[in-house]
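Here the structure is a predicted model, which is why all the values come from computation and not from measurement. For the numbers below, each heavy atom of this structure counts, side chains included, while hydrogens, waters and symmetry mates do not.
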Amino acid sequence: MQVAVVTFDGFNELDSFIASALVNRCRKDGLEAFITTPTPRVTSMNGVEVTGQRPLEFVAEADAVLIGSGVKTRDVVADDRLISRLPLDPARQLIGAQCSGALVLARLGLLAGMPACTDRTSRPFVEACDVTVLDAPFHAAGNIATAGGCLASQYLATWVITRTLGQDAARAVLDYVAPVGENQETVERALRAVRMSEGALH
């Protein structure tokens, strides 16, 4: 099972790297994430240059697609050619978005009739797309999920791991990366966020 972590120029490192790192702790179980970029190299909002592991076309074959945020997301959604390279299919893929990544899902028509989570800066732009924004870190309905706040990227990863490998796998990953002494609290908080979203677990 393959996960495309879509990472545009101007990306937020916390979004792409946390989600991919957590998912990749499940490689031995057959779940693997790849930083997926529209150009061979992209530069983060803080000047970190990264070589993509997969081209953007990889999203068409991925089992799950997580769209990270960044300072240029509004430019992304205004670029018809770039958006056309994202043929996402919620009927067969898990699709998640982090913070301003919700704008991409809205542009693709994937948030019609459902609320979303995003960060405070992106909120007015997401609401301008006629999407109700929740005051919550994570929301999922069926195969679509959104997260708000950089560190909520752990919830997107938890959702993908839970949906593909089960709750025990997610629990093991979270327990490993949790701050020492806060293992149970960290695990339960993430699993609770995912459980509370209607349709997140089947």
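Looking only at side-chain heavy atoms (C-beta outward), F11 and V50 come within less than 4.5 Å of each other. Side-chain contact between V173 and C26 is present, with heavy atoms from C-beta onward closer than 4.5 Å. Looking at heavy atoms from C-beta onward, V65 lies out of side-chain contact with V3 at the 4.5 angstrom threshold. Annotation: side chain of L103 is not in contact with side chain of L105 (no heavy-atom distance under 4.5 Å). Counting only heavy atoms from C-beta outward, the side chains of E49 and R41 approach each other to under 4.5 Å. Counting heavy atoms from C-beta outward, Q2 and F58 have side chains that approach closer than 4.5 Å. Under the 4.5 Å side-chain criterion, counting only non-hydrogen atoms from C-beta, C129 is not in contact with L111. Annotation: side chain of V104 is in contact with side chain of I67 (closest heavy-atom distance under 4.5 Å).
S20 and F17 make their closest contact through OG-O, 3.3 Å (heavy atoms, listed as atom of the first residue, atom of the second, distance). Of all the heavy atoms in A152 and P137, the pair that sits closest is CB-O, 3.6 Å. Scanning both residues, L156 and G96, for their nearest heavy atoms gives CD2-CA, 4.1 Å. Nearest heavy-atom pair across S122 and C99 is OG-C, 4.4 Å. For L110 against I144, the heavy-atom pair with the smallest separation is O-CD1, 3.2 Å. Listed here is the closest heavy atom pair of G70 and T73: O-OG1, 3.1 Å.
Linking ILVMFWY residues whenever their side-chain heavy atoms come closer than 4.5 Å, directly or via other members, leaves V6 and L14 in distinct clusters. Follow the hydrophobic side-chain contacts under 4.5 Å out from L66 and you reach I18 in the same cluster. Tracing side-chain contacts under 4.5 Å through hydrophobic residues (I, L, V, M, F, W, Y), one never reaches V5 starting from L82; they form parts of separate clusters. Hydrophobic clustering of Ile, Leu, Val, Met, Phe, Trp and Tyr side chains at less than 4.5 Å, counting indirect connections, keeps L134 apart from V126. Grouping the Ile, Leu, Val, Met, Phe, Trp and Tyr side chains by contacts below 4.5 angstrom, directly or via other members, places L94 with I35.
One distance of note links CD1 of I161 with CG of L174; it measures 6.5 Å at 0.5 Å rounding. Taking OG1 of T158 as the start and CZ of R192 as the end, the distance is 12.0 Å to the nearest 0.5 Å. The OG atom of S44 sits 9.0 Å away from the CG atom of D9 when rounded to the nearest 0.5 Å. A distance of 7.5 Å separates CG in N12 from CG in N46, rounded to the nearest 0.5 Å. Atom CD1 of I95 is separated from atom CG of D89 by 7.0 Å, given to the nearest 0.5 angstrom. For the atom pair F8 CZ and T37 OG1, the distance stands at 10.0 Å (nearest 0.5 Å).
Ion pairing between a basic and an acidic side chain is recognised when a charged N comes within 4.0 Å of a carboxylate O; E188 and R171 show such pairing. Between D135 and R120 there is no salt bridge, since no side-chain nitrogen of the basic residue lies less than 4.0 Å from a carboxylate oxygen of the acidic one.
Using modelled atom types, no side-chain atom of S16 and backbone atom of E13 make a donor-acceptor pair closer than 3.5 Å. At distances below 3.5 Å, not a single donor-acceptor pair connects side-chain atoms of Q98 with backbone N or O atoms of A19. Although no hydrogens or angles enter the test, the distance criterion places a donor-acceptor pair under 3.5 Å between the side chain of T146 and the main chain of C117. Checked by atom type and distance alone, the side chain of R123 never pairs as donor or acceptor with a backbone atom of T118 at under 3.5 Å. Counting only distance, with no hydrogens or angles, the side chain of Q154 and the backbone of A190 share no donor-acceptor pair below 3.5 Å.
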Practice problem: Begin from the C-alpha positions of L191 and T162 and carry the test side-chain contact (heavy atoms from CB on, under 4.5 Å) through to its verdict. | Solution: CA-CA 9 Å; L191 291 176; T162 301; 4.3 Å; yes
Quiz item: Is there a side-chain contact (heavy atoms from CB on, under 4.5 Å) between K72 and M45 once you walk through the steps?
Solution: CA-CA 9 Å; K72 298 182 179 180; M45 60 191 293; over 6 Å; no
Quiz item: How far apart are the C-alpha atoms of R107 and D80, what are their side-chain angles, what is the distance that settles it, and do they pass the salt bridge (charged side-chain N to carboxylate O under 4.0 Å, His left out) test?
Solution: CA-CA 10 Å; R107 175 72 168 77; D80 291 342; 2.3 Å; yes
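The 12-atom threshold is exceeded at CZ of R85, counting heavy atoms of other residues, nucleotides or ligands nearer than 6.0 Å. Within a 6.0 Å sphere centred on CZ of R81, heavy atoms belonging to other residues, nucleotides or ligands number 12 at most. Atom CD of Q184 has 12 or fewer neighbouring heavy atoms from other residues, nucleotides or ligands inside a 6.0 Å radius.
Each of D119, T7, D15 was scored for a side chain to side chain donor-acceptor pair (under 3.5 Å) with S69, with one residue passing: D15.
Between the side chains of N143 and R163, a donor-acceptor pair is found at a separation under 3.5 Å.
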